[in-house]
Amino acid sequence: MNVLIVFAHPELCSFNGALKVRAVDVLRRAGHEVVVSDLYRLGWKAAVDADDFPGVWTDPDYLDVPAEQERVHAAHETPPDVLAEQEKVARCDLLILQFPLWWSGMPAILKGWIDRTMARGFAYGEGRTYDTGPLKGRQALICTTTGTPSGLYTPHGTEEDLNRALWPIHHGILSCLGFDVLPPFVARTPGEVSPKQREEYLADYAERLLAVSY
């Protein structure tokens, strides 16, 4: 299968980086094609703005973002950086979002990747969501780490707490676009656990990835 890993961490030597490296190694060894979009190294522009919409706007006096996304998609005027990511998404069978859980959500750069890449016209549209979403037939997996030294996301935090934090991504984004959403893989507070526990996280993640069928 074709796998797209969207990696959103500013430090390559972070545990997120280790999880990304392990995923690439395990999946390629299993015969899968793996592409990585490393957002920080790409210098990804997170903000949707007027530069995303060349040509004549639908309303010259008002920037209607969904309408303009649909227009540039239909006119083949999508900005090159966005188009490159959309082509990766279109080719993938499995999308992995690799990120640290910051303030109960994804880093801003990854949210910006969603905002710009999963644009109206390409990833959704009128009557084209959930069961009829354009990206139906693909799987999606969140692999994340928590860093909170106490509270909701400690090794002893409840799954209900974590699932509540991930619900907007799972349901409001990935399911909405048509993805079959797999249970997340979570490495809880890797900076607070032993080296042995971190190795166990990596081994467990490799096992999870090898169990994904398409």
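We number each residue from 1, following the sequence as shown. Not measured: the values here are computed from a predicted model. Excluded from the calculations below are hydrogen atoms, water molecules and symmetry mates; all remaining heavy atoms, backbone and side chain alike, are included.
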> More than 12 non-hydrogen atoms from neighbouring residues, nucleotides or ligands closer than 6.0 Å to CD on Glu77, yes or no?
Replying inline: yes
> To the nearest 0.5 Å, what is the distance between CG (Asp93) and NE2 (His32)?
Replying inline: 9.5 Å
> Just by modelled atom types, is the Tyr40 backbone N or O under 3.5 Å from a matching donor or acceptor in the Trp44 side chain?
Replying inline: no
>> Testing the basics here: between Ala8 and Ile109, what is the closest heavy-atom pair and its distance to 0.1 Å?
In response: CB-CG2, 4.1 Å
> Atom CG of Asn16 and atom OG1 of Thr145: how far apart are they, to the nearest 0.5 Å?
Replying inline: 4.0 Å
>> So Leu202 and Gln197, do their side chains get closer than 4.5 Å, heavy atoms only?
In response: no
> Is it true that a side-chain atom of Thr132 and a backbone atom of Gly127 form a donor plus acceptor pair closer than 3.5 Å?
Replying inline: yes
> From Ile5 CD1 over to Leu95 CG, what is the distance, rounded to the nearest 0.5 angstrom?
Replying inline: 9.5 Å
>> Closer than 4.0 angstrom, basic N to acidic O: yes or no for Lys136 and Asp180?
In response: no
> Do Ile114 and Val72 sit in the same hydrophobic cluster, where Ile, Leu, Val, Met, Phe, Trp and Tyr count as joined when their side-chain heavy atoms come under 4.5 Å apart?
Replying inline: no
> When rounded to the nearest 0.5 angstrom, what is the spacing between CG in Leu94 and CE in Met1?
Replying inline: 5.0 Å
> Looking at Gly172 and Cys176, what are the two nearest heavy atoms and their distance?
Replying inline: O-CB, 3.6 Å
>> Between Arg208 and Asp204 (salt bridge meaning N to carboxylate O under 4.0 Å), is one present in this structure?
In response: no
>> With ring-ring contact (aromatic ring centres under 6.0 Å, His included) as the rule and sequence neighbours excluded, what pairs involving residues 168-191 come up?
In response: Tyr130-His171, Trp167-His171, Phe185-Tyr205
> If you round to the nearest 0.5 Å, how far is CD of Glu87 from OG1 of Thr117?
Replying inline: 11.5 Å
>> For a quick test of reading the model, state the closest non-hydrogen atom pair linking Pro79 to Asp51 and the distance between them.
In response: CG-O, 4.4 Å
> Can you list the steps and then say if Asp38 with Val6 is a side-chain contact (heavy atoms from CB on, under 4.5 Å)?
Replying inline: CA-CA 6 Å; Asp38 184 338; Val6 182; over 6 Å; no
>> List the residues meeting side-chain hydrogen bond (donor to acceptor under 3.5 Å, both in side chains) with Asn2, not counting sequence neighbours, and say none if there are none.
In response: none
> Got Leu210 and Val26 here, is their nearest side-chain heavy-atom distance under 4.5 Å?
Replying inline: yes
>> What verdict does the side-chain contact (heavy atoms from CB on, under 4.5 Å) test give for Thr129 and Leu177, after you've listed the backbone C-alpha separation in whole Å, the side-chain angles of each residue and the deciding distance to 0.1 Å?
In response: CA-CA 5 Å; Thr129 56; Leu177 300 177; over 6 Å; no
>> Quick check: do Gln86 and Leu83 have side-chain heavy atoms less than 4.5 Å from each other?
In response: yes
>> Would you say that Asp25 contacts Val34 through its side chain, given a criterion of any heavy-atom pair below 4.5 Å between the two side chains?
In response: no
> Roughly how far, to the nearest 0.5 Å, is the CE atom of Met118 from the CG atom of Leu135?
Replying inline: 5.5 Å
> With a 4.5 Å heavy-atom cut-off, do Phe122 and Gln69 have their side chains touching?
Replying inline: no
>> If hydrophobic clusters are built from ILVMFWY residues whose side chains come within less than 4.5 Å, do Val48 and Leu42 share one?
In response: no
>> Between Arg71 and Glu68, does the salt bridge (charged side-chain N to carboxylate O under 4.0 Å, His left out) criterion hold? Intermediate values first, please.
In response: CA-CA 5 Å; Arg71 178 185 63 80; Glu68 293 311 306; 2.5 Å; yes
>> A side-chain contact here means heavy atoms from C-beta on lying under 4.5 Å apart; do Val82 and Trp113 qualify?
In response: no
> Between Arg22 and Gly17, is there a donor-acceptor pair closer than 3.5 Å when you use the side chain of the first and the backbone of the second?
Replying inline: no
> Do you know which two heavy atoms are closest between Leu162 and Arg188, and how far apart they sit?
Replying inline: CD2-NH2, 3.8 Å
> Do Val181 and Ile169 belong to the same hydrophobic cluster, where Ile, Leu, Val, Met, Phe, Trp and Tyr are linked whenever their side-chain heavy atoms lie under 4.5 Å apart, directly or via other members?
Replying inline: yes
> With a 4.5 Å heavy-atom cut-off, do Val3 and Val35 have their side chains touching?
Replying inline: no
>> Counting only heavy atoms not in Asp59 (residues, nucleotides, ligands), do more than 12 fall under 6.0 Å from its CG?
In response: yes
>> Which residues pass the side-chain contact (heavy atoms from CB on, under 4.5 Å) test with Glu126, not counting sequence neighbours?
In response: Arg120
>> Whether Arg116 and Asp52 form a salt bridge (side-chain N of Lys/Arg under 4.0 Å from carboxylate O of Asp/Glu) is what I want to check.
In response: yes
> Is there a donor-acceptor pair under 3.5 Å between the side chain of Glu70 and the backbone N or O of Gly121?
Replying inline: no
> Just one of Leu27, Leu4, Leu182, Val24 clears the side-chain contact (heavy atoms from CB on, under 4.5 Å) bar with Ile96, so which one?
Replying inline: Leu27
> Can you name the closest pair of heavy atoms from Ser37 and Glu85 and give their distance?
Replying inline: OG-OE1, 2.7 Å
> Given side chains that start at C-beta, do those of Ser14 and Pro100 come closer than 4.5 Å, heavy atoms only?
Replying inline: no
> Are the side chain of Arg138 and the backbone N or O of Val89 linked by a donor-acceptor pair below 3.5 Å?
Replying inline: yes
> Looking at Tyr201 and Phe15, what are the two nearest heavy atoms and their distance?
Replying inline: CB-CZ, 3.7 Å
